[in-house]
Amino acid sequence: MAWFRRKVRFTDLSAQDQTKKREMPAGLWKRCDNCEEYITNDQLATNLQICPKCSFYYRMTAQERVKLLVDKDSFKEFDGDLVSCDPLGFDGYPDKMVASQKKTGLKEAVLSGWGLLEGRKISLAVIDFSFMGASMGSVVGEKITRAAERALDARVPLIICSSSGGARMQEGMLSLMQMAKTSAAVARMHKKCVPFISVMTNPTTAGVAASFAALGHVIVSEPGARIGFAGPRVIEQTIGQRLPDGFQTAEFLVEKGMVDMIVPRQQLRVELARLCNHLCTKLDRAAQTQSDSAPRVKAVSV
């Protein structure tokens, strides 16, 4: 019967909601991985990739960290043309390299060059975790080594911001050799008293943590960074013991003496400049003493 129709008690808004979702541009906001509050990407960018509500640290790109640390327009990249080959013919490796290059805008997982930090010339290398988990292959090790050698030749401080998931398995033994090569370069810097400041970010693990990243004159870390060699589960299974709470965090390691200081990201630039000035005092005095003690040739009139 036409007159007997059930009244509509509810309005279906699903279609309207879907329309609204489609109209909202993607990539404007995200849900914090720690506090689960919604934050905009603009808020993160303005706050140096730190959640403004719970202070959770997100990873920075290599370009963002260079911009954070060096004086404006002072960074000059070197070795930017170095690209990893496929020495083992590893299946899918070239495709992963191309995908990472498009994703990060880098040719490899490390960005290195000269820069000025509060007017002082430095050699800077920044490792980007977004590039294949910042795994250390032949090119990463070579660029780190060259950054150390340039700092040694110019007698300027070296700053390396590390982040890595380990060796690059696609390059096999060639990847593991980079641990020795980078450590040897840093050892030459120590011998000549050229300052090296290691900045460990989240995460710094495996081969990078067990080589050059742990050999700085001063080792700095960001709050909450995970630092270690093997993963906690692997260690527990190997030694058959439960690990302490907070194991492999920067806060735990600074108590044990492996990390010298924890510096919030907002203060990192100022603190690194202070450390460079302090460490370079001895270097500057040594250069001045050498200059004063050099034999001088008297002018002779003819």
Side-chain angles (χ1 to χ4, degrees), residues 59-67 69-70 74-116 121-154 156-189 194 196-199 201 204-213 215-216:
R59 299 188 186 103
M60 300 184 80
T61 65
Q63 296 90 336
E64 288 174 333
R65 196 167 288 278
V66 167
K67 184 178 179 181
L69 295 181
V70 301
S74 70
F75 184 75
K76 182 179 180 181
E77 183 181 4
F78 51 65
D79 300 324
D81 57 339
L82 295 183
V83 182
S84 291
C85 60
D86 186 12
L88 305 181
F90 199 95
D91 185 37
Y93 184 33
D95 295 334
K96 287 185 177 181
M97 284 290 299
V98 172
S100 294
Q101 289 168 354
K102 291 180 178 179
K103 178 182 178 182
T104 62
L106 302 172
K107 290 188 177 181
E108 251 298 345
V110 59
L111 178 62
S112 59
W114 298 117
L116 296 178
K121 186 177 182 179
I122 62 170
S123 177
L124 176 66
V126 178
I127 304 178
D128 195 325
F129 193 84
S130 299
F131 196 108
M132 294 188 66
S135 52
M136 183 166 65
S138 300
V139 170
V140 172
E142 180 66 18
K143 293 183 73 170
I144 292 294
T145 301
R146 291 190 184 188
E149 290 174 343
R150 283 187 170 93
L152 180 59
D153 292 340
V156 299
L158 169 67
I159 298 176
I160 302 178
C161 298
S162 300
S163 176
S164 179
R168 188 167 296 180
M169 65 177 185
Q170 292 89 345
E171 296 185 22
M173 187 58 66
L174 294 175
S175 176
L176 296 178
M177 288 172 57
Q178 307 311 310
M179 296 176 62
K181 184 168 71 175
T182 55
S183 297
V186 170
R188 292 192 291 272
M189 293 188 64
V194 177
F196 166 40
I197 302 174
S198 177
V199 181
T201 67
T204 301
T205 60
V208 170
S211 56
F212 65 87
L215 299 176

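Counting begins at 1 with the first residue of the sequence. Since we're looking at a predicted model, the values are computed, not measured.
Geometric assessment of R150 against the ring of F78 yields a positive cation-pi assignment under the 6.0 Å and 45° thresholds.
Of all the heavy atoms in P87 and C85, the pair that sits closest is CD-O, 3.2 Å. Of all non-hydrogen atoms in T61 and D128, the two that sit nearest each other are CA-OD2, 3.6 Å. Of all heavy-atom pairs spanning S211 and M179, the tightest one is CB-O, 3.7 Å. Of all non-hydrogen atoms in W114 and A154, the two that sit nearest each other are CH2-CB, 4.0 Å. Pairing each heavy atom of S162 with each of F212, the nearest pair is OG-CE1, 3.5 Å. L176 and A167 make their closest contact through CD2-CB, 3.9 Å (heavy atoms, listed as atom of the first residue, atom of the second, distance).
A distance-only check finds a donor-acceptor pair linking the side chain of S198 to the backbone of A213 [under 3.5 Å]. Between the side chain of T205 and the backbone N or O of S164, at least one donor-acceptor pair lies under 3.5 Å.
To the nearest 0.5 Å, atoms CD1 (I127) and CD1 (I160) are separated by 7.0 Å. For the atom pair I122 CD1 and I197 CD1, the distance stands at 8.5 Å (nearest 0.5 Å). For the atom pair CZ (R59) and CZ (F129), the distance works out to 4.5 Å, reported to the nearest 0.5 Å.
Of the residues listed (K143, E171, R168), the one engaging S138 in a side chain to side chain donor-acceptor pair (under 3.5 Å) is E171, and it is the only one.
By the 4.5 Å heavy-atom criterion applied to side chains, Y93 and L88 are not counted as neighbours. Annotation: side chain of M97 is in contact with side chain of F131 (closest heavy-atom distance under 4.5 Å).
When the shell of 6.0 Å around NZ of K181 is examined, it contains more than 12 heavy atoms from other residues, nucleotides or ligands.
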